[in-house]
Amino acid sequence: MSIKFENVNYVYFPGTTMEKKGLDNVSFELLDNSFIALIGHTGSGKSTLMQHFNALLKPSSGTIDIAGYHITSQTGNKNLKKLRKEVGLVFQFPESQLFENTVLDDVKFGPKNFGMSDKEAEAKAKKWLEQVGVSTGVISKSPFELSGGQMRRVAIAGVMVNEPQILCLDEPGAGLDPRAREEMMQIFVNYQKAGHTVILVTHNMDDVAKYADDVLVMEHGKLIKHDKPQKVFENEEWLKKHYLDEPTSSLFASSLKGFRFKENPLTIKELVDGIKENVQGGV
Amino acid sequence: MKTDKNSLQALIFTGLFAAIIYIGIWVLRIPVPAMVGRPFIHFGNTLTAVAILYLGYRNGMIAGIIGLGGFDLLNGYAATSWLTMLEVVVVATVLSLIFKGMNYQDSKKNIIILGIVAGVTKIFTTYCVSIVEALMVGTSLQVAYIGAFVSLPATVINSISTAICTPILYFALKDATRVIMKKAK
Amino acid sequence: MHKDDAVEFQHVKFTYPDTKKAVLKDVNFTVKKGSWTSLIGHNGSGKSTISKLINGLLLPDENSNSKITVLGTPVTAENIWNIREKVGIVFQNPDNQFVGATVGDDVAFGLENRGVPREEMIKTVRNVLSEVGMLEYIDSEPANLSGGQKQRIAIAGILAVEPKIIILDESTSMLDPSGRKQVLKIISELMQKKDLTVISITHDIDEASMADSVIVLNDGEIIDQDPPEKIFNKTSMLKQIGLDIPFTNKLILELNKNGIRVPQNVKTKDELKQYLCQLNLKM
Amino acid sequence: MSKIIIGRYIPGDSLVYKMDPRGKLLITILFILAIFLANNPITYAIITLFCFLAIIATGLKARVFLNGVKPLIGLIFFTSLLQLFFMTGGKVFWHWWIFSISSYGIVNAIYIFVRFTLIILISTVMTVTTMPLEIADAMEWLLKPLKVVKVPVDKIALVISIALRFVPTLFDETLKIMNAQRSRGADFNDGGLIKRAKAIAPILIPLFIHSLETAIDLSTAMESRGYRGSEGRTKYRVLNWSKYDLISLAYFVLLVGLLLIFRTH
Ligand SMILES: Nc1ncnc2c1ncn2[C@@H]1O[C@H](COP(=O)(O)OP(=O)(O)OP(=O)(O)O)[C@@H](O)[C@H]1O
Ligand SMILES: Nc1ncnc2c1ncn2[C@@H]1O[C@H](COP(=O)(O)OP(=O)(O)OP(=O)(O)O)[C@@H](O)[C@H]1O
Ligand SMILES: [Mg+2]
Ligand SMILES: [Mg+2]
């Protein structure tokens with residue numbers, strides 16, 4: 001049950017003067033239970049692509065196979081609920097979707113929409129609030145009373161509570177302090193390890209290097225690369241040409257004169273190992 | 001926010017409320033079958049009623065005039081937008097007077113009554129507006145009456161939605177505001 | 001107050017109305033004229049509160065020995081409009097500080113408030129827009145600008161009134177990396193050219209490293225102020241209060257853990273590179 | 001970010017575009033009032049002609065104006081038909097129950113048709129050639145005399161400009177919130193009236209909250225940039241009368257003159 005895009009095109013405002021290509025002939029296949037990074041600079045089409053994963057946008061042409069659904073331009077809006085349950089989308093600054101009177105009720109919103117009984121929904125909501133690190137003390141407070149970081153967690157719980165097979169996140173760490181970011185990433189890694197697919201939209205190449213199994217690179221609505229991080233960050237020239245940053249570690253490594261690395265080190269750990277080999281290897 | 005209607009924050013929020021009303025007509029609409037007129041329910045009227053109760057008479061009225069009237073002005077109903085603005089004045093005045101009579105007690109019962117009042121007033125004003133519109137294009141009075149009457153059903157549906165949604169939104173908004181303002185004051 | 005000081009806080013305590021706990025407790029620090037100072041601290045530690053105290057958007061709790069001085073003028077209720085002539089703040093959210101209907105209008109806003117004659121305004125607006133490289137957008141509407149561009153307009157709007165101090169309150173946190181780089185580049189160029197004092201509040205370690213001096217805030221208390229090299233060497237303190245440490249320091253830490261002892265005097269990225277290269281040659 | 005367009009403005013640079021928005025707004029209002037002067041075939045012909053000349057002067061495609069009329073075409077026909085069937089007088093051609101078709105009815109139905117269409121067309125001329133922002137500026141100017149009766153015109157102008165400034169931003173925010181709630185299984189196009197009405201709370205509450213925060217942020221930003229009310233402020237954006245306003249005024253005076261000459265008394 002992998003995710004498969006075939007020649008997907010998407011056009012914003014077709015047939016008007018504002019017509020704009022959002023996706024341009026995008027094809028790829030993603031393996032289940034992997035951690036995928038989706039990168040590309042502003043306006044490259046990452047969010048547009050993301051909204052195709054649960055059919056918020058439907059391709060103008062081409063086909064998508066995801067979570068057992070086959071989506072084309074003809075797919076109707078009926079019966080998409082199950083798809084939305086299986087593919088969870090966390091938008092940028094998701095705290096802006098909170099609306100209920102209490103944290104608990106807000107997290108229950110999803111499960112109840114997907115047909116769960118109140119009691120089940122409550123149990124699930126409590127479980128996931130705990131998982132994302134929201135203390136039980138605040139679950140009957142208004143979500144608007146919480147700090148920014150806590151609101152973010154509640155909002156993410158509001159999607160994870162549906163336990164989607166595929167979880168897509170659009171820059172979940174934006175605006176958070178470093179510790180909160182790190183904790184957040186750990187939650188997603190754990191979710192993936194527990195047997196789900198995680199797709200992360202990010203500008204942070206160190207996160208890509210550290211967590212991703214597979215990387216999609218977008219530019220002007222086109223998929224310009226789909227490969228393992230090792231391969232994506234292999235060619236400095238290519239990265240420069242497409243205005244992509246290198247992970248800090250590999251940047252540092254390439255500035256070390258006289259060093260030889262078996263493989264381009266992408267993370268600090270790889271870098272340290274590489275340096276060790278160099279300086280101790282000669283002994 | 002209600003306490004100081006002239007504070008910069010209150011004025012800005014009035015402007016944003018007007019923008020929300022505009023969007024309420026534009027984006028949040030439900031098509032309904034109707035013989036004439038605009039065949040959809042939109043949330044502009046509801047939001048205007050909420051604005052009046054929430055922002056007070058003056059600012060609520062301004063938000064409504066700009067949101068509802070501005071929408072008409074910019075979207076092809078320019079010639080009759082002044083009538084829409086007048087409607088807001090009437091609705092705002094009626095609602096505010098009754099609310100004042102209730103000593104601004106926003107109990108559940110009172111707000112539900114005000115929602116219904118808003119709906120009913122709207123039916124009345126829309127009827128008058130239809131007549132004036134018809135006279136504007138030159139029909140005889142009798143024809144104007146009939147025309148206005150025929151376009152009533154769509155208005156009634158819109159008014160029912162106003163009556164239902166006003167209390168729902170008012171309370172939800174009030175709760176949320178209380179929390180935010182507590183955090184931000 | 002020393003005459004080289006741009007900002008001085010003496011025993012400043014601040015409590016928000018309707019709350020009991022003070023968010024700032026006895027804060028003392030000075031910022032040198034013409035320097036770049038970074039203010040770091042976790043979410044909710046009181047950074048924004050400090051920035052609002054500097055230009056009198058907030059006034060400290062009544063207390064005889066507490067005092068805030070900006071460029072020689074004490075910040076009091078009578079002086080706030082004078083102070084605001086000299087201090088400009090670029091806020092976090094690019095959208096929520098764009099006041100004008102178009103770029104030109106927005107830049108002119110501060111001038112309008114000061115009653116500047118129109119002819120002069122038109123000249124100034126064009127000047128400052130070209131300084132931030134946005135002159136060609138003078139008639140654009142905010143909806144057609146990226147976040148980074150909006151922040152550049154915000155900077156132009158502040159420059160227009162010729163302040164002496166610019167505060168960046170997480171001004172780059174909602175931008176993508178390229179937008180962030182552009183904004184910081186512009187600020188550092190302007191700082192040289194116009195003899196500005198810059199105070200940047202940030203979670204971004206690279207931004208903080210650009211400063212001459214870093215102030216560390218934790219739960220409303222200043223726990224350290226030093227040049228960045230020194231601050232970022234205090235890794236255990238930073239970790240403890242939940243802040244990030246720069247890549248170089250992380251790497252040194254890891255190298256030490258892995259048996260490559262890096263001498264204490266190696267602090268910056270270049271020093272580390274040099275040291276490692278020497279080490280490699282010796283082998 | 002979506003590039004949405006508020007209202008129906010279409011960019012262009014014909015002489016209508018070069019008019020001052022105040023002039024355009026005033027002349028449009030006066031033009032609509034002038035239509036009332038028409039009361040016989042000649043005057044209707046004159047005003048139709050003047051209206052079409054104005055349309056031509058915009059330099060825009062006819063389709064723009066047809067689109068302006070389209071949403072109201074049902075109402076136009078309906079109103080004309082009502083007039084046709086209910087107006088009595090003159091020669092009666094057909095009669096059934098309360099309906100009748102008479103010569104007066106026919107003539108009047110045609111007049112109404114023409115008048116209705118003209119009102120829409122002439123207001124379309126203004127809306128498509130004037131940016132919302134310019135309309136707002138013009139409104140502010142029109143409101144100015146009301147200062148005398150203590151209407152807070154400056155404050156209203158501020159509110160209008162904030163509203164205009166934030167419609168696109170809040171529009172984007174609305175779509176984003178709707179998508180976020182859809183992803184959580186919300187359904188906005190399903191069920192009866194009450195169900196749908198309830199379904200908008202998850203959209204509107206976040207939108208209100210967002211606006212509250214925006215209001216707080218924006219007022220902070222404005223104050224720190226030295227805003228202290230409208231007194232003593234100078235203005236960067238000013239309106240300028242041009243010769244095109246004079247031309248259109250002359251055009252309008254000519255129209256009224258002709259109407260007064262040819263209308264039946
Ligand atoms: N609702 C919309 N209407 C019209 N055009 C849109 C819309 N949303 C996005 N676009 C356009 O499609 C292109 C891709 O946008 P998208 O939001 O997918 O980029 P992104 O990679 O997510 O960027 P960012 O990193 O800024 O989030 C952009 O050029 C954008 O202007
Ligand atoms: N208007 C307010 N009313 C009451 N409390 C407030 C207000 N603004 C901030 N606070 C509280 O004061 C503390 C410090 O807030 P401040 O905004 O200065 O933090 P910050 O360091 O800027 O955080 P962030 O990194 O999230 O921007 C926080 O605990 C916050 O909840
Ligand atoms: Mg995006
Ligand atoms: Mg802050």
Side-chain angles (χ1 to χ4, degrees), chain B residues 1 6-20 22-24 26-28 30 35-38 41 43 46-47 58-59 62-63 66-67 70 73-79 134 136-140 142-143 146-147 150 157 160-161 164-165 168-169 172-173 176-177 180-181 184, chain D residues 6-8 28 32 68 71-72 74-75 78-79 82-83 86-87 108 111-112 115-116 119-120 122-124 126-127 132 135 155-156 158-167 170-171 174-175 193-194 196-198 200-201 203-205 207-209 211-216 218-219 222-223 227:
Chain B
M1 193 148 277
N6 280 317
S7 80
L8 183 55
Q9 228 175 70
L11 288 178
I12 293 175
F13 194 60
T14 304
L16 294 173
F17 219 124
I20 293 177
Y22 189 103
I23 288 166
W26 189 18
V27 187
L28 309 172
I30 306 170
M35 259 175 78
V36 289
R38 282 177 239 170
I41 295 182
F43 287 91
T46 308
L47 287 167
R58 192 193 81 182
N59 286 2
I62 292 176
I66 296 171
L73 185 61
L74 298 179
N75 290 280
Y77 308 93
M136 245 176 95
V137 301
T139 65
S140 58
Q142 180 205 15
V143 167
I146 299 169
V150 177
I157 298 179
I160 293 173
S161 91
I164 297 170
C165 297
I168 297 179
L169 285 177
L173 177 59
T177 314
I180 300 260
M181 295 318 279
Chain D
I6 316 178
R8 303 194 158 184
T28 306
I32 290 172
L72 287 160
L75 190 60
F78 177 75
T79 316
L82 275 188
Q83 186 74 4
F86 284 95
M87 178 100 188
N108 265 291
Y111 283 169
I112 283 167
R115 192 183 252 205
F116 208 148
I119 290 177
I120 296 165
I122 206 71
S123 44
T124 308
M126 185 202 61
T127 8
I135 297 184
K155 290 193 174 118
I156 294 176
L158 175 72
V159 174
I160 294 178
S161 69
I162 299 282
L164 263 182
R165 153 75 185 83
F166 278 95
V167 166
L170 290 179
F171 177 84
T174 311
L175 294 192
L193 186 59
I194 296 192
R196 286 189 187 202
K198 277 201 169 144
I200 65 157
I203 306 174
L204 282 173
I205 301 305
L207 199 57
F208 282 131
I209 302 289
S211 305
L212 268 172
E213 286 167 353
T214 303
I216 295 169
L218 190 63
S219 63
M222 285 172 75
E223 277 178 17
Y227 181 82

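Convention: sequence-line order gives letters A, B, ...; per-chain numbering from 1.
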Student: Using side chain to side chain contact (heavy atoms under 4.5 Å, CB included) as the criterion, list what pairs up with B/Ile146, not counting sequence neighbours.
Tutor: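 Expected list: B/Gln142, B/Val150, D/Leu82, D/Phe86.
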Student: With D/Ile162 as reference, evaluate B/Ile66, B/Leu11, B/Ile12 under the side chain to side chain contact (heavy atoms under 4.5 Å, CB included) test and give the passing residue.
Tutor: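 Answer to the side chain to side chain contact (heavy atoms under 4.5 Å, CB included) test with D/Ile162 among B/Ile66, B/Leu11, B/Ile12: B/Ile12.
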Student: B/Ala78 and D/Met126: which non-hydrogen atoms are nearest, and at how many Å?
Tutor: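 Between these two residues, the closest heavy atoms are CB-CE, 4.4 Å.
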Student: Name the member of D/Leu164, D/Ile120, D/Leu72 that forms the most heavy-atom pairs with chain B at distances under 4.5 Å.
Tutor: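 The option with the most such pairs is D/Leu72.
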Student: Of the backbone (N, CA, C, O) and the side chain (C-beta and beyond), which part of D/Leu218 lies under 4.5 Å from a heavy atom of chain B, both, or neither?
Tutor: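 Both parts, backbone and side chain.
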Student: Any side-chain heavy atom of D/Ser211 within less than 4.5 Å of one from B/Phe17?
Tutor: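 The answer is no; the side chains never approach within 4.5 Å.
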Student: Given that the side chain runs from C-beta out, which part of B/Leu47 has a heavy atom under 4.5 Å from chain D: side chain, backbone, both or neither?
Tutor: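 B/Leu47 touches chain D through side-chain heavy atoms alone.
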Student: With a 4.5 Å cut-off on heavy-atom pairs, point out which of B/Ala18, B/Ala176, B/Ser161, B/Ala19 contacts chain D the most.
Tutor: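 Of the options given, most contacts go to B/Ala19.
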Student: Is D/Leu170 close to chain B through its backbone or its side chain, or both, or neither, when contacts mean heavy atoms under 4.5 Å?
Tutor: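 Contact with chain B: backbone and side chain both.
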Student: Against chain B, label D/Ile122 side chain, backbone, both or neither, depending on which of its atoms sit under 4.5 Å from a heavy atom there.
Tutor: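 For D/Ile122, neither part sits under 4.5 Å from chain B.
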Student: Pick one of side chain, backbone, both or neither for D/Thr124, based on which atoms fall under 4.5 Å of a heavy atom in chain B.
Tutor: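 Contact with chain B involves no heavy atom of D/Thr124 at all.
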Student: Determine the minimum heavy-atom distance between D/Arg115 and B/Val137, stating which atoms define it.
Tutor: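 The pair with the smallest heavy-atom distance is CD-O, 3.0 Å.
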Student: Any side-chain heavy atom of B/Leu74 within less than 4.5 Å of one from D/Arg8?
Tutor: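 No. Closest side-chain heavy atoms not under 4.5 Å.
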Student: Would you indicate whether the side-chain heavy atoms of D/Phe171 and B/Val27 approach each other to under 4.5 Å?
Tutor: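 They are in contact (side-chain heavy atoms under 4.5 Å apart), so the answer is yes.
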Student: Heavy-atom distances under 4.5 Å only: say whether B/Leu173 touches chain D with side chain, backbone, both or neither.
Tutor: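 Both the backbone and the side chain of B/Leu173 come within 4.5 Å of chain D.
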Student: If every non-hydrogen atom of D/Gln83 is compared with every non-hydrogen atom of B/Gly138, which pair is closest and at what distance?
Tutor: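 For D/Gln83 versus B/Gly138, the nearest heavy atoms are NE2-O, 4.3 Å.
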Student: If I measure from the heavy atoms of chain B, does D/Leu204 come under 4.5 Å with its side chain, its backbone, both, or neither?
Tutor: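 The answer is the side chain of D/Leu204.
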Student: What part of D/Ile160 gets within 4.5 angstrom of chain B, counting heavy atoms only: side chain, backbone, both, or neither?
Tutor: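 When you check distances to chain B, atoms from both the backbone and side chain of D/Ile160 fall under 4.5 Å.
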Student: Please tell me if the side chains of B/Ile168 and D/Ile200 come closer than 4.5 Å, counting only heavy atoms from C-beta onward.
Tutor: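 The answer is no; the side chains never approach within 4.5 Å.
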